[in-house]
Asker: 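Mind having a look at this structure? Questions to follow.
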Amino acid sequence: MFQMPTSLRILSLIALTTASALAQAAQPHADPAKAAAPEAKSDEAPGGKSAKEEKADKKEAASKPEAGKEEKPKGDKPEDKSEKKTSTDHSLVINGQKVDFTATAGMLSLKDAEGKVTADIFYIAYTKKDVADPASRPLTFSFNGGPGSSSVWMHLGLLGPKRVKLRDDGFAVPPPYQLVENEFSLLDETDLVFIDPVGTGYSRASKPDEAKNFYGVNEDARSIAEFIRLYITKNTRWPSPKFLIGESYGTTRAAALSGELLRSHRMNLNGIMLVSTVLNFQTIWGAEGNDLPFVLFLPSFTATAWYHQKLPADLQKKPLVEVLKESEKFTSGDYNQALLLGAALPAPQRAAVVKQMARLTGLSDAFVAASDLRVTLSRFNAELLRDQRLVTGRFDSRYTSYMRDRLGNEAERDPSADAVFSAFASTFNHYVRHDLKFEDDRPYNILGGVGKWNWDAENQFANVSEILAESMTANPFLKVHVSNGFYDMATPYYAARYTFSHLNIHPELMKNITQDDYTAGHMMYLNLPDLKKQKEDLAKFIRSASQK
C-alpha cells in the first residue's frame, strides 16, 4: 500500500484490488440506496363509517405488505416511486441468549434543495425486537472501504447475524459457499445499519453523469452524513447512542463523517470503531521523497517472515509479539535514521543496517542492498517465498498463491483477495433475495463501482486525522477503537500506531483511544480466534462509550 505502481489500485483494495478484484465487482451483490415509503393519507370521520369508507379501509388493509414481502411505496410523488423496502423477522442465539430482530433491506433517497432525488442509497438494517425503549438502544452505522467497496465484508464477516463459512483460520474453502449463524454478531449490543455508498452495491446516482458528485472524500462524507440524518429521523433514533464502524477506506470515511455530522447536523457521536485504519495516506503511499511508508511497513514484513518461517532460528523460536518489539525498535531507530541520511549514510553504518534489515525481513542481504534499503510491498510479496515459487498476500500475508513468472519482481496477484471475494459475492446475492426478500436485477457492485475519486489533496496526501482530532476536541466524550491486524499489508498496524501518536489532541483525550491487535490481516475477523476476541473488544467498547 505504499509506493504501489498504481496508487488507486491500493486504495480500492483497502478493505478490499487488482484486475481480478474489478472483475469480481461485476458480479451481482448487495448495494446502497433506499428509503422508507411514506404513509398514505386517509380521510377519517368521527363516529361510525359509511359503507364506502369501510370498503376503502378493506382495500387499504389488503394492500399492506406482509412480513418478508416487498413494501410498495405509497403516495403520488414521482420522486418516491423508486423507493422500496422489505422487512423480515428472524432470531439468533448469541452468548446462549436468543435475540429476536427485524431485518429491513431498502432504499433511502437523497434529495437536493428542490426536493429532487439525487441518489438512492441501499441499506440493510437489523433492529432488535421487544426493546423497552428502542430510542435509547445503541445504533451503529457500518461501511467498508475502497473507495468503491460495498458494505458486505463486515456485514457477512464480523457484525451481522450471518457470516461466510470459511476454514477456522480464515482460509478458503471450495465452492459452492454458504452462510452460517454468526454467534459473534454485535446485535446483542447494538442495532446495525449497513450502508452502501453511491456506486457500490445497489446504490446509484439518479443520473449516471452526476455520479461524480458523490466520488470524493468530502462528497462521500456529505452523502453518507445525509443518509444517517434521514435514517435516524425517519426511525426516531435521535436519542440513541450513535456509533460508526468503518474498515479500510471506511476508516477514512468515518473520520471525515465525524466532522461532517458535527458541522452540518450538530450530531455528536458516542464512538467510532476503526478496522484496519488509514487516516493519513502519507503513511501508506510512497512517493519520491516520502520514505515514511518504508519505515511503517517494515514490522509487517517481519511478522510475515516470522509466519512463513523465514527468520533466523533465534527469532523464529520467540513469540511474534517479542519479535515485533525488536523490529519496531530497529525500524524507529537505526533504519529510520539511515533513510533520513540517504546518500550521506556512512558505508559501515549502511552495511550494518542492510544486515539487520535482512535479518528482520527474511530477505537476502544482496536484495536489501540492491533495493537501496527501500523494499516496496509488491516486491517483498514476490521475493519472500520466491524459492517456493509463491507470492504472499496483501490483505493478509498469511495467504499464498502460485507464481507464474519466476522472474517477476512484483506480486502478480493478491491471494488473500482471491481466497474470499467470490465467497462473499456468492453468499450475499443469495442471502439478500432468499432471506431478506429484496429483489433487484441490477448487479450488486461488491467492489470497484466508482469512478475517479476526488482526494481534495492537491500536491499533498489526503489526511483526515485532523478532522478526527477536531471532532474529539469538540466532543470530549467521543471514544475511538482501533483494530489492527499484524498480517495486514494494506494498512499496516505500525502506520496506525504512527497516526495516533501524532494526533494533535490534548493528552487527556488520548485516554479515549483504544487499540487492539489481532493475529490475522486486513479482515482479521475471518480468523475465528480473532473474531471471538474482536467481538469481546467491540462489545466492551460500545458498552463503555454508551454509558451516561
Side-chain angles (χ1 to χ4, degrees), residues 136-142 186 189-190 217 221 225 228 238-247 250-284 292 295-296 299 321 324-325 328-329 331-332 336 461-485 491-518 533-548:
S136 65
R137 179 169 158 81
L139 177 64
T140 299
F141 294 93
S142 174
L186 273 175
E189 301 289 342
T190 175
V217 175
I228 291 174
W238 277 96
S240 296
K242 290 175 278 294
F243 293 84
L244 305 178
I245 182 167
E247 179 182 296
T251 64
T252 310
R253 175 182 290 123
L257 268 173
S258 71
E260 180 64 26
L261 289 169
L262 176 62
R263 290 190 304 268
S264 298
H265 307 302
R266 300 298 181 225
M267 186 188 299
N268 278 341
L269 300 167
N270 291 74
I272 297 176
M273 294 166 279
L274 306 176
V275 179
S276 301
T277 306
V278 55
L279 305 183
N280 179 358
F281 284 82
Q282 186 178 9
T283 63
I284 63 169
L292 184 59
V295 176
L296 302 179
V321 174
L324 289 178
K325 287 181 180 178
E328 291 169 11
K329 181 178 179 181
T331 295
S332 58
N336 189 34
F461 294 92
N463 182 7
V464 296
S465 63
E466 178 62 23
I467 298 176
L468 180 60
E470 179 63 28
S471 297
M472 295 182 70
T473 302
N475 174 19
F477 303 104
L478 174 60
K479 295 186 177 182
V480 178
H481 183 275
V482 184
S483 297
N484 301 311
T491 56
Y493 81 92
Y494 206 49
R497 297 267 206 281
Y498 175 93
T499 296
F500 285 97
S501 65
H502 290 77
L503 206 60
N504 184 23
I505 57 177
H506 192 280
E508 282 296 312
L509 293 177
M510 290 298 293
K511 299 176 182 178
N512 288 1
I513 300 172
T514 301
Q515 295 200 50
D516 284 312
D517 299 324
Y518 304 92
K533 180 181 184 300
Q534 196 169 19
K535 163 59 190 287
E536 294 174 358
D537 293 338
L538 295 180
K540 180 181 178 181
F541 174 79
I542 290 173
R543 288 193 294 267
S544 172
S546 298
Q547 291 177 357
K548 296 183 179 179

Asker: Could you go through the side chain to side chain contact (heavy atoms under 4.5 Å, CB included) check for N336 and T331 one step at a time?
Answerer: CA-CA 6 Å; N336 189 34; T331 295; over 6 Å; no
Asker: Is N270 reaching over with its side chain to a backbone N or O of S546, donor-acceptor style, under 3.5 angstrom?
Answerer: no
Asker: Evaluate side chain to side chain contact (heavy atoms under 4.5 Å, CB included) for H502 paired with N280, printing each intermediate quantity in order.
Answerer: CA-CA 10 Å; H502 290 77; N280 179 358; over 6 Å; no
Asker: Find out whether V321 and D517 are in side-chain contact, i.e. whether some heavy atom of one side chain is under 4.5 Å from a heavy atom of the other.
Answerer: no
Asker: Report the C-alpha distance between N475 and L262 in whole Å, list the side-chain angles of each, state the deciding distance to 0.1 Å, and finish with yes or no for side chain to side chain contact (heavy atoms under 4.5 Å, CB included).
Answerer: CA-CA 9 Å; N475 174 19; L262 176 62; 5.8 Å; no
Asker: When rounded to the nearest 0.5 angstrom, what is the spacing between CD in E466 and CD1 in I505?
Answerer: 10.5 Å
Asker: Just by distance, do the side chain of K511 and the backbone of P507 share a donor-acceptor pair under 3.5 Å?
Answerer: no
Asker: How long is the straight-line distance from CZ of F500 back to OG1 of T277, given to the nearest 0.5 Å?
Answerer: 5.5 Å
Asker: With no hydrogens and no angle check, is any side-chain donor or acceptor of S258 less than 3.5 Å from a backbone partner on A255?
Answerer: yes
Asker: Go through the side-chain N and O atoms of Q515 and N484 and say whether any donor and acceptor fall under 3.5 Å apart.
Answerer: yes
Asker: Looking at every heavy atom in both A495 and L296, which two are closest together, and how far apart are they?
Answerer: CA-CD1, 3.8 Å
Asker: Using a 3.5 Å distance criterion without hydrogens, assess whether the side chain of N504 forms a donor-acceptor pair with backbone atoms of A469.
Answerer: no
Asker: Closest heavy-atom contact between K479 and F541?
Answerer: O-CZ, 3.3 Å
Asker: Taking V278's backbone N and O only, do any of them form a donor-acceptor pair with T252's side chain (distance below 3.5 Å, no angle check)?
Answerer: yes
Asker: Return the CG to CG distance between L478 and L468, rounded to the nearest 0.5 Å.
Answerer: 6.5 Å
Asker: Specify the closest pair of heavy atoms between F243 and M273, including all atoms of both residues, with the distance to one decimal.
Answerer: CB-CE, 3.9 Å
Asker: Checking D537 now: which residues fulfil side chain to side chain donor-acceptor pair (under 3.5 Å) with it, not counting sequence neighbours?
Answerer: Y518, K533
Asker: According to side chain to side chain donor-acceptor pair (under 3.5 Å), who are the partners of E260, at least two apart in sequence or on a separate chain?
Answerer: R263, S264
Asker: Of L538, I245, I542, which is the lone residue that meets side chain to side chain contact (heavy atoms under 4.5 Å, CB included) with T190?
Answerer: I542
Asker: Calculate, to the nearest 0.5 Å, the distance between atoms CD and CG belonging to Q534 and D516 respectively.
Answerer: 8.5 Å
Asker: Please walk me through it: do K535 and L186 pass side chain to side chain contact (heavy atoms under 4.5 Å, CB included)?
Answerer: CA-CA 7 Å; K535 163 59 190 287; L186 273 175; 3.7 Å; yes
Asker: Given K242, which of L269, I272, T140 fulfils the side chain to side chain contact (heavy atoms under 4.5 Å, CB included) condition?
Answerer: L269
Asker: Does the side chain of L509 reach to within under 4.5 Å of the side chain of L503, using non-hydrogen atoms?
Answerer: no
Asker: Side-chain contact, heavy-atom cut-off 4.5 Å: I513 with M472?
Answerer: yes
Asker: Of all the heavy-atom pairs spanning S471 and G259, show the shortest one and how long it is.
Answerer: OG-N, 3.4 Å
Asker: Could you tell me whether a side-chain N or O of S544 sits under 3.5 Å from a main-chain N or O of K540, the two making a donor and an acceptor?
Answerer: no
Asker: Taking all atoms of both residues into account, what is the closest heavy-atom pair of L244 and A254, and its distance?
Answerer: CD1-O, 3.8 Å
Asker: Is a donor from one side chain sitting under 3.5 angstrom from an acceptor on the other, for E328 and Y493?
Answerer: yes
Asker: Can you measure from OH (Y498) to OG (S465) and round to the nearest 0.5 angstrom?
Answerer: 9.5 Å
Asker: I need the Q547 CD to F477 CZ distance, nearest 0.5 Å.
Answerer: 13.0 Å
Asker: If we ignore hydrogens and angles and just use 3.5 Å, is the side chain of T251 paired with the main-chain N or O of V275 as donor and acceptor?
Answerer: no
Asker: Might you point out which heavy atoms bring E189 and P138 nearest each other, and give the distance in Å?
Answerer: O-CG, 3.6 Å
